[in-house]
A.B. asks: 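I have a structure here, written as structure tokens, and I will follow up with some questions on it.
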Amino acid sequence: MQRRQFLYGLGFLGSASLGVTSFSSNVNAADVRPAATFTLPPLPYAFNALEPFIDRRTMEIHHDRHHAAYVKNLNDAIAKYPQLQGRPIEYLLQNLESIPTEIRTTVRNNGGGHANHSMFWQMMAPKAGGEPKGELAKDIIKTFGSFAAFQAAFNEAGVKRFGSGWVWLSREKSGKLKIASFPNQDSPIMVGEYPLLGNDVWEHAYYLTYQNKRPEYLKAWWNVVNWTEVEKRYQAKG
Ligand code: MN3
């Protein structure tokens, strides 16, 4: 695989943003840093910052327990495989067939979980919502007919995902925008697409406030969408 091309291609989802410890060129024997591992990125706002749409307790459990567990399980899985350490998470997710079979499902689920949630926190913000601007807005209207039609299709895909999973707006290799839902922690990265905006429809993302009413959560969630971040990802041409 053309690693260089791959790394550039993913642009925004760079190793820094996903907490991969970077290699140092001047490591010496006295350096006691652990082997490159994945780290839990801090939530970029307070736990209660997305209220009333997403409650404080949900954010706290979601970030500090669920996401933290994905990171720990991923690190545990690759602990015996130095060749997998220090790689961007996208590399692991795009090359699952080359991951040793005994940890492949663990990497798929927990590596997917780490990548998805790392993007998810950035894709939300307090005092956000509204509509996208510029090129992204034009592309959404061109692809889906209108912003309202896009939201309706996104919500519908989220409602129809049976069990746990995600709904994503992503960009195909051809450049075309698409909406697709994925089971569990699978993501557009695994099928070579570039994720622009995703919503977590696992019950742990909404149950305390919305209980079984996933459609209400999907509708309310638009109030916290960080379009500035989504526009940045769109411009990254990843
Ligand atoms: Mn989640």
Side-chain angles (χ1 to χ4, degrees), residues 12-13 17-20 38-77 89-90 92-93 96 105-126 128-129 154-155 157-170 179-191 193 195-226 229-230 233:
F12 258 83
L13 250 177
S17 66
L18 288 185
V20 178
F38 294 98
T39 54
L40 178 67
L43 195 66
Y45 33 76
F47 290 124
N48 66 357
L50 305 183
E51 288 185 344
F53 309 107
I54 304 181
D55 66 274
R56 183 193 65 79
R57 188 72 177 134
T58 293
M59 291 300 291
E60 195 173 1
I61 295 170
H62 202 172
H63 178 272
D64 286 8
R65 299 197 201 166
H66 289 279
H67 190 172
Y70 298 132
V71 173
K72 181 182 187 308
N73 294 340
L74 176 62
N75 285 332
D76 288 350
I89 188 63
E90 300 81 8
L92 302 185
L93 300 182
L96 284 171
T105 301
T106 304
V107 169
R108 179 181 194 139
N109 291 339
N110 294 278
H114 176 46
N116 286 341
H117 289 84
S118 297
M119 293 186 281
F120 186 53
W121 311 132
Q122 301 288 336
M123 289 166 175
M124 300 187 290
F154 190 99
N155 288 351
V159 168
K160 283 186 172 167
R161 165 52 50 198
F162 185 77
S164 298
W166 290 73
V167 53
W168 288 96
L169 171 68
S170 59
I179 291 168
S181 82
F182 292 79
N184 305 314
Q185 295 295 350
D186 285 359
S187 92
I189 296 172
M190 295 178 187
V191 293
E193 293 172 359
L196 297 171
L197 174 66
N199 194 2
D200 187 342
V201 299
W202 285 57
E203 283 187 347
H204 68 226
Y206 61 86
Y207 205 82
L208 295 183
T209 296
Y210 300 91
Q211 291 84 47
N212 60 319
K213 294 169 287 208
R214 188 191 289 177
E216 287 187 19
Y217 159 69
L218 280 156
K219 203 171 148 197
W221 177 77
W222 295 104
N223 289 290
V224 297
V225 170
N226 181 4
E229 170 69 13
V230 183
R233 297 185 63 82

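Keep in mind that this is a model prediction, so the values were computed, not measured. Counting starts at 1 for both ligands and their atoms, in listed order.
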A.B. asks: Determine, stepwise, if the pair Y206 / W221 fulfils ring pair (Phe, Tyr, Trp, His ring centres under 6.0 Å).
C.D. replies: CA-CA 10 Å; Y206 61 86; W221 177 77; over 10 Å; no

A.B. asks: Please say which of H67, H62, H63, H66 ends up in a side chain to side chain donor-acceptor pair (under 3.5 Å) with H117.
C.D. replies: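 Only one of H67, H62, H63, H66 forms a side chain to side chain donor-acceptor pair (under 3.5 Å) with H117, namely H62.
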
A.B. asks: Does a salt bridge link R57 with E60, judged by any charged N lying under 4.0 Å from a carboxylate O?
C.D. replies: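 Looking at E60 together with R57, the answer is yes, because their closest N to O distance falls below 4.0 Å.
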
A.B. asks: Looking at side-chain heavy atoms only, is the closest gap between I89 and L74 below 4.5 Å?
C.D. replies: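 Yes; the side chains approach each other to less than 4.5 Å.
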
A.B. asks: At a cut-off of 2.8 Å, what protein N/O/S atoms sit near the Mn ion (ligand 1)?
C.D. replies: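 Those protein N, O or S atoms (cut-off: under 2.8 Å from the Mn ion (ligand 1)) are H62 NE2, H117 NE2, D200 OD2, H204 NE2.
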
A.B. asks: Donor-acceptor pair, H114 side chain versus L40 backbone, under 3.5 Å?
C.D. replies: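 Absent.
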
A.B. asks: Can you tell me if R161 has over 12 outside heavy atoms packed within less than 6.0 Å of its CZ?
C.D. replies: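 Enclosed: over 12 neighbouring heavy atoms sit under 6.0 Å from CZ of R161.
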
